[in-house]
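Below, read A as the first sequence line, B as the second, and so on, with proteins coming before strands; counting in each chain starts at 1. These numbers come from the heavy atoms of this one structure, side chains and all, not from hydrogens, waters or symmetry mates.
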Protein chains: 2
Amino acid sequence: MKTKQIQKELVNGVDVPKLTQIIDELTQNPNLAQFHFCAKNNWVNGGENQTTVNEFYGGSVKHVRSKPFVFTKDEPTVLLGHDQGANPVEYALTALAGCVTTTLVYYASAMNVKINKVESTLEGDIDLRGLLNIDENIKAGYKSIDIKFKIDSDASPETLHKLMEIAKKHSPVANTITNATPINVSLA
Amino acid sequence: MKTKQIQKELVNGVDVPKLTQIIDELTQNPNLAQFHFCAKNNWVNGGENQTTVNEFYGGSVKHVRSKPFVFTKDEPTVLLGHDQGANPVEYALTALAGCVTTTLVYYASAMNVKINKVESTLEGDIDLRGLLNIDENIKAGYKSIDIKFKIDSDASPETLHKLMEIAKKHSPVANTITNATPINVSLA
C-alpha cells in the first residue's frame with residue numbers, strides 16, 4: 001500500500017499519517033506484522049451456540065478489550081433451530097462484508113480518495129445436500145459469493161473498480177475464502 | 001447423513017424425526033435443498049461498518065425474520081479503529097465456530113449420541129503485510145485455522161473424532177474456507 005502525503009490527518013475517518021507510520025514500521029520489523037486472533041465458543045442447545053471474542057495478539061503484545069463481544073448463532077425454524085441469532089453462513093457473509101469494506105476504505109484513504117458512502121449486498125447459494133451428505137459430490141459450502149458494491153465518491157469508475165479488486169485481493173477474509181485455507185481440528 | 005430410528009424426538013435439542021423427514025424430502029426433491037443467503041452492509045466511518053441479516057430463501061420460499069440481526073464491525077485502535085465491534089477476521093472465526101459446532105451436534109443427534117457440552121477455541125495467524133501489500137508473496141488471510149474441541153459426552157473418543165472430522169468436512173463455513181470459493185465483485 002502506497003500512501004499519499006496529505007495535509008489533513010483523517011481521510012474517510014482513517015488516520016493516514018498513522019497508517020503510513022504503521023506501514024513503515026511493519027516493513028522494517030516484520031515481527032510487528034504478526035497478528036493472532038481467537039474466539040471461544042460454547043454450544044447452548046440444538047442449533048444454538050455462543051461465541052465470545054475478546055483478546056488478540058499483535059506484534060507479540062496481548063490486547064484485551066474493555067468488554068468482550070458476544071455473538072449468538074442459531075438456525076431458523078426451517079433448519080430446526082429457534083432463530084435466536086443469524087446462522088453461521090450469514091455470519092460468514094457478515095465477516096466478508098466488513099473485511100472488503102474496511103480494506104476498500106483504508107486503500108481509498110491511503111490514495112486520498114474521498115468516499116461518501118459504501119453499501120454492499122452479499123449473496124451466496126448453498127445446496128443443503130452437501131451439509132447432510134445426501135450426495136458426496138455436492139459442495140457443502142457456498143458455491144460462490146457475489147458482492148455488489150454501491151459507492152458514492154468523486155473518484156472515477158476506473159478508480160472504484162481498482163479499489164474493489166484491491167479489496168477482494170487484500171481483504172484477509174476474502175483471501176481466506178478464495179484460497180484454500182487449511183483448518184486443523186483436535187480434541188482436548 | 002443417516003439417522004437412527006429413535007423413540008424420543010429431541011436429541012441434543014435437535015428434532016431427529018423432523019431431520020429424517022427433511023433428508024427424505026431433499027433426497028426426493030433436490031430443488032428444496034437450494035438455499036440462498038444474503039447480507040446488506042453499510043460503511044459507517046473509518047474501520048467501522050454495519051451488516052444487516054434478515055431474509056433468506058430456502059427451496060424457493062422467502063423466509064423473513066420477525067426482526068433483522070444487525071452487526072457492528074470495527075477495528076481495534078492498534079488497527080486504526082475505535083473498537084466499536086469485533087473485527088471482520090474475528091467474525092470469520094465466529095462464523096466457523098458456530099458452523100462446525102452445529103454440524104457436529106446435528107450429526108451426533110442423528111447418530112443418537114448424547115452430547116452434554118461442546119466448547120471450542122479457534123485461533124489463527126494473520127501477517128498484516130499481506131493486507132497492506134508490503135510483500136506480494138504474503139497471504140493476506142489466515143495461514144490456517146486451528147479448532148480445539150472439548151466435548152463432554154458418553155461417546156467413545158473414536159466417535160468424537162469421527163464427529164469432528166464430519167463437522168470439518170460437512171460444515172458449510174468450514175467447507176467454504178478449506179476449498180477455494182470464488183468471490184465475484186461488481187459495481188452497481
Is there a side-chain contact between E90(B) and F56(A), using heavy atoms and a 4.5 Å cut-off?
yes
Sort V185(A) into side chain, backbone, both or neither according to what part of it lies under 4.5 angstrom from a heavy atom of chain B.
both
Return the option, out of T27(A), T103(A), D15(A), with the maximum number of heavy-atom pairs under 4.5 Å with chain B.
T27(A)
If you measure from CH2 on W43(B) to CG on N12(A), what distance do you get to the nearest 0.5 Å?
4.5 Å
Relative to chain B, which segment of E75(A) carries a heavy atom at a distance below 4.5 Å: side chain, backbone, both, or neither?
side chain
Would you check if R129(B) and P30(A) make a side-chain contact, meaning some heavy-atom pair closer than 4.5 Å?
yes
Okay, V89(A) and chain B: the region with an atom under 4.5 Å from a heavy atom over there is both
In this structure, which one of I177(B), N175(B), V173(B), V100(B) forms a side chain to side chain contact (heavy atoms under 4.5 Å, CB included) with I183(A)?
I177(B)
Please state whether the side chain, the backbone, both or neither of N54(A) comes within less than 4.5 Å of a heavy atom of chain B.
backbone
What part of I22(B) lies closer than 4.5 angstrom to a heavy atom of chain A: side chain, backbone, both or neither?
side chain
Distance (rounded to the nearest 0.5 Å) between S186(A) OG and H161(B) NE2:
7.5 Å
Would you name the heavy atoms of T178(B) and A180(A) that are closest together and state the gap between them?
O-CB, 3.2 Å
Distance, nearest 0.5 Å, that separates CG of L122(B) from SG of C38(A):
9.5 Å
So what's closer than 4.5 Å to chain B heavy atoms on L132(A): side chain, backbone, both or neither?
both
Treat each ILVMFWY residue as a node, draw an edge where side-chain heavy atoms are under 4.5 Å apart, and state whether I145(B) and L96(A) are in one component.
yes
For G85(A) against R65(B), the heavy-atom pair lying closest together
O-NH2, 4.4 Å
Whatever's closer than 4.5 Å to a heavy atom in chain B on L19(A) counts as both
Assess whether side chain to side chain contact (heavy atoms under 4.5 Å, CB included) is satisfied between I134(B) and M1(A), documenting all intermediate values.
CA-CA 6 Å; I134(B) 291 171; M1(A) 188 190 281; over 6 Å; no
Candidate pair S144(A) and N184(B), rule side chain to side chain contact (heavy atoms under 4.5 Å, CB included), full reasoning
CA-CA 8 Å; S144(A) 64; N184(B) 310 306; 3.9 Å; yes
So F37(A) and N87(B), do their side chains get closer than 4.5 Å, heavy atoms only?
yes
Please flag which part of H63(A) lies under 4.5 Å from any non-hydrogen atom of chain B: side chain, backbone, both or neither.
side chain
Polar side chain donor-acceptor pair, E119(A) to N41(B), under 3.5 angstrom:
no
Under a single-linkage definition using a 4.5 Å side-chain heavy-atom cutoff for Ile, Leu, Val, Met, Phe, Trp and Tyr, are V53(B) and L79(A) assigned to the same hydrophobic cluster?
no
For G130(B) and H170(A) the tightest heavy-atom approach is O-ND1, 2.8 Å
Portion of V78(B) that has a non-hydrogen atom of chain A nearer than 4.5 angstrom
both
Need one label for K2(A): side chain, backbone, both or neither, based on atoms under 4.5 Å from any heavy atom in chain B.
neither
Hydrophobic clusters here meaning ILVMFWY residues chained together by side-chain heavy-atom distances under 4.5 Å, can you tell me if L131(A) and V16(B) are in one?
no
Correct closest heavy-atom pair for P172(B) and I126(A) would be CB-CD1, 4.0 Å
Name the region of N116(A), side chain, backbone, both or neither, that has any atom closer than 4.5 Å to a heavy atom of chain B.
backbone
Is it the side chain or the backbone of K168(A) that comes within 4.5 Å of chain B heavy atoms, both, or neither?
side chain
Side chain, backbone, both or neither of Y106(A) within contact of chain B (heavy atoms, under 4.5 Å)
side chain
I115(A) versus chain B, the contacting section by heavy-atom distance below 4.5 Å
both
Checking K139(A) against T181(B): is there a side-chain donor and acceptor pair closer than 3.5 Å?
yes
For L32(A), is it the side chain, the backbone, both or neither that has a heavy atom under 4.5 Å from a heavy atom of chain B?
neither
Q34(A) and D125(B): side-chain donor and acceptor closer than 3.5 Å?
no
Nearest heavy-atom neighbours spanning A95(A) and A92(B)
CB-N, 3.5 Å
For N133(B) and Y107(A), the nearest pair of non-hydrogen atoms, with its separation, is CB-OH, 3.4 Å
Pull out the residues in residues 66-74 of chain A that come under 4.5 Å of chain B, heavy atom to heavy atom, sorted by number.
F69(A), F71(A), K73(A)
What part of D127(A) gets closer than 4.5 Å to chain B, counting heavy atoms only: side chain, backbone, both or neither?
both
